[in-house]
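These numbers come from a predicted model, not from an experiment. Below, chain A is the first sequence line, B the second, and so on; all start at residue 1.
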Amino acid sequence: MQAVEVNNIRKTFKAGKSVVTALHDISFGVDRGELFGLIGPDGAGKTTLFRILTTLMLAGSGTASVDGFDVVKDFKQIRKRVGYMPGRFSLYQDLTVQENLSFFATLFNTSIKENYDLIKDIYIQIEKFKKRKAGALSGGMKQKLALCCALIHKPSVLFLDEPTTGVDAVSRREFWELLHNLQKQTITILVSTPYMDEAGLCDRVALVQEGRILGIDTPEAITKQFDQVLWSARAENMFKLLTDLKAQQEVNSCFPFGQEHHVTFNGSEENARLVETRLNQLGHKSVRFEKINPGIEDCFMELMEQHKKS
Amino acid sequence: MKVISVRNLTKRFGSFTAVDNITFDIEQGEIFGFLGANGAGKTTAMRMLCGLSRPTSGEASVAGYDLYKNANRIKENIGYMSQKFSLYEDLTIRENIRFYGGIYGLSLSDIRSKTNLLVKKLKLEDSINSLVKSLPLGWKQKLALSVAMIHDPKIVFLDEPTGGVDPITRREFWTLIFEAADRGTTVFVTTHYMDEAEYCNRVAIMVDGQVEALDTTGVLKAKYAAKDMGEVFLQLARKAKRGDG
C-alpha cells in the first residue's frame with residue numbers, strides 16, 4: 001500500500017455558463033517516506049488535488065486514498081493523519097505564536113511537549129517571538145509557524161501547498177533543508193511549487209499543467225526523456241540573438257534561459273553549424289554554441305508543446 | 001538621459017529603517033533589476049519611487065519630477081503592475097483597457113486605437129468581450145503589462161510580475177519587456193527568479209535596507225566570482241542581519 005494513491009480523479013467547476021475541468025482523470029501514487037513534488041504553474045490544479053486528498057473537497061469522479069484510507073468514506077481517519085499547510089496563511093492572526101501552536105495541538109488531542117522533537121528545529125527559529133500575534137509576523141516567520149502547526153500532531157502524510165511561492169532564493173533553500181530533515185523522520189511529504197528548479201530537490205516529481213500530468217518520474221529520469229539535442233547559444237547582443245535565432249528555419253525551438261538561450265534544431269547537427277555561420281554573417285559577435293544537458297524546465301516546456309500539438 | 005535619480009533616500013517606520021540611505025541613477029531604456037530577500041526593503045523603496053509613500057529623508061526625481069513636490073505628475077508618467085494586483089477580474093478585456101485608458105487621461109479615439117493594437121498584438125481578438133477572470137494567468141499577466149503601458153509611460157514598475165506563470169509564458173512576458181525597453185521605456189523590475197536577473201542590463205541587490213551591490217550582471221558575476229546571478233544573490237543575501245525571521 002502506498003502512502004497516497006490517486007485513481008482517475010476528475011474535478012470540474014462551473015464558471016458562469018461554462019464548465020472548467022480542473023483535473024482530467026489523473027492517477028499516480030506516492031510511496032511511504034517519499035518527498036514528492038507537484039511542479040507546475042498557477043492553474044495547473046495543484047491546490048484542487050491537495051484539497052481533495054485532505055478531504056476538504058469531493059472529486060467529481062475517481063477514487064483516492066491517503067495512508068490506506070479512502071478520501072470519502074474514511075475522511076475522519078484521514079484528517080487525524082495528515083498535516084496540511086495551505087498556500088494562503090490560514091492560522092489565527094489574533095492569537096500569538098504559542099497560542100496558535102497549542103490550539104492545534106489541543107485540536108488533535110496532543111500537546112506541544114509530546115511532539116516537540118519533530119518541530120524543534122523549526123520552532124527554535126521563531127521561539128523568541130512566541131508572545132507575538134501571528135498576524136504581526138513577517139512572511140518567513142508565518143511560514144515557519146504554519147509548518148509547526150501542520151506538524152504538531154505528528155502526521156504520517158504532510159501536504160504543503162506552494163510553501164515557497166513569493167519567497168526569496170535564500171529562504172527557499174533553507175526551507176528545503178527543513179523538508180529534507182523532516183523526511184528523515186519518515187514522514188511522507190507532498191509539496192507543490194511553481195519553481196522548476198525545486199524539482200531536483202524531490203525524490204520524484206509530477207509535472208502538471210492545466211489539470212493534466214505531463215510527466216512523472218525521478219528528476220534524473222525526466223531529463224533523460226528529453227529526446228532532442230539541446231544547445232546553449234550566447235553572443236554579445238542576446239536580445240538580437242533571440243530574434244535572429246527564432247527567424248532561422250533550422251531552429252525548432254529557442255527560449256531565453258538566464259545568461260544563455262536554449263536552442264533545438266530541426267534535422268541533423270550540421271544545421272547548428274550552419275546557423276552559427278549565418279549568425280556571424282548577420283554581424284553577431286562572440287557567437288558560442290555548446291551542447292548541454294537539459295534541465296527540468298527544458299523538459300517541462302517540451303512536454304507543454306507536445307501536449308499542445310496532440 | 002537619467003529617468004530615475006535617487007540620492008540618500010531613506011524611509012523609517014518608528015525606530016525601524018526600512019530603506020537606509022540608498023543612492024542610484026537609472027538611464028532611459030534600461031532594464032533595471034531590483035533584487036533582495038523578503039524584508040530587505042524593495043517594496044518600500046518601490047512605493048516611494050511610485051509616489052505612493054513619502055520618504056523620511058533624501059531626494060529623488062522620477063521621470064523628471066521631484067518626489068516631494070510633484071508626486072502626482074510622477075504617477076501620470078509611470079506604469080505599474082504586480083502579480084497581486086493588475087486588472088479588474090469582473091470587467092472584460094475591453095472594459096479594463098477602457099478603464100485604464102480613462103484613468104490615464106487618454107482620449108476616446110486614442111483608447112479605441114490602442115485597444116485594437118493591443119488585442120491584435122496579444123492575439124486576444126476573440127476574447128475581447130470575455131471577463132478577465134476567465135483568462136489563464138499567463139494571458140492576464142501579458143495583458144496587464146500592456147495595459148500598464150497604455151499611456152506610453154517613461155518608466156514601468158513591475159513587482160514580481162511573473163510569479164506562478166508557466167515557463168513558456170514567462171519567457172513571452174520577458175519578450176514584451178525586451179520590446180518595451182527597445183522602444184525606450186525604462187523597466188524597473190523585481191523578481192525571485194534568478195534567471196530573470198540575467199535579463200536585466202543592471203541589477204541592484206538590497207540587503208537590510210541598503211543597496212549592497214549595483215552593476216551590470218557581467219561585472220557583478222566577475223566581482224563575486226560567481227557562475228550566475230543566483231550565486232551572486234546568495235552570497236550577498238546571506239549577509240543579511242535583520243532577515244525575515
Looking at [atom1] of [X] and [atom2] of [Y], how far apart are the two atoms once the value is rounded to the nearest 0.5 Å?
X	Y	atom1	atom2	result
A:Leu242	B:Tyr199	CG	OH	9.0 Å
A:Glu302	B:Ile168	CD	CD1	10.5 Å
B:Met229	A:Gln259	CE	CD	9.5 Å

Just wondering, are more than 12 heavy atoms of other shown residues or ligands nearer than 6.0 Å to [atom1] in [X]?
X	atom1	answer
A:Trp231	CH2	yes
A:Lys133	NZ	no
A:Tyr92	OH	no
A:Asp227	CG	yes
A:Glu210	CD	no

#### Entry: Atom of B:Ala237, atom of A:Val170 and distance for their closest heavy-atom approach
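Closest heavy-atom pair between B:Ala237 and A:Val170: CB-CG2, 3.4 Å.
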If I measure from the heavy atoms of chain B, does [X] come under 4.5 Å with its side chain, its backbone, both, or neither?
X	value
A:Gln209	side chain
A:Phe239	side chain
A:Met301	both
A:Val20	neither

By a 4.5 Å heavy-atom criterion (distance strictly below it), what part of [X] contacts chain A: side chain, backbone, both, or neither?
X	result
B:Leu137	side chain
B:Lys227	backbone
B:Lys133	neither
B:Glu196	neither

### Task
With a 4.5 Å cut-off on heavy-atom pairs, point out which of B:Pro167, B:Gly138, B:Gly163 contacts chain A the most.
B:Pro167
### Task
Could you check which of A:Ser18, A:Pro194, A:Gly166 has the highest count of heavy-atom pairs closer than 4.5 Å to chain B?
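Most pairs with chain B among the choices: A:Gly166.
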### Message
Assess the residue pair A:Arg173 and B:Leu234 against the criterion (side-chain contact (heavy atoms from CB on, under 4.5 Å)); give the C-alpha distance rounded to whole Å, side-chain angles, the decisive distance to 0.1 Å, and a yes or no.
### Response
CA-CA 10 Å; A:Arg173 277 200 189 188; B:Leu234 287 177; 2.9 Å; yes
### Lys/Arg N to Asp/Glu carboxylate O, B:Arg170 vs A:Glu297, below 4.0 Å
yes
### Partners meeting side-chain contact (heavy atoms from CB on, under 4.5 Å) with A:Ala44 (sequence neighbours left out)
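Residues passing side-chain contact (heavy atoms from CB on, under 4.5 Å) with A:Ala44: A:Pro41, A:Lys46, A:Val208.
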Between the main-chain N or O of [Y] and the side-chain N or O of [X], is there a donor-acceptor pair closer than 3.5 Å?
X	Y	answer
A:Asp42	B:Val165	no
B:Arg171	A:Phe255	no
A:Asp168	B:Asn38	yes

### Task
Establish, yes or no, whether a centroid distance under 6.0 Å links the rings of A:Tyr195 and B:Tyr193.
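So the answer is yes for these two rings.
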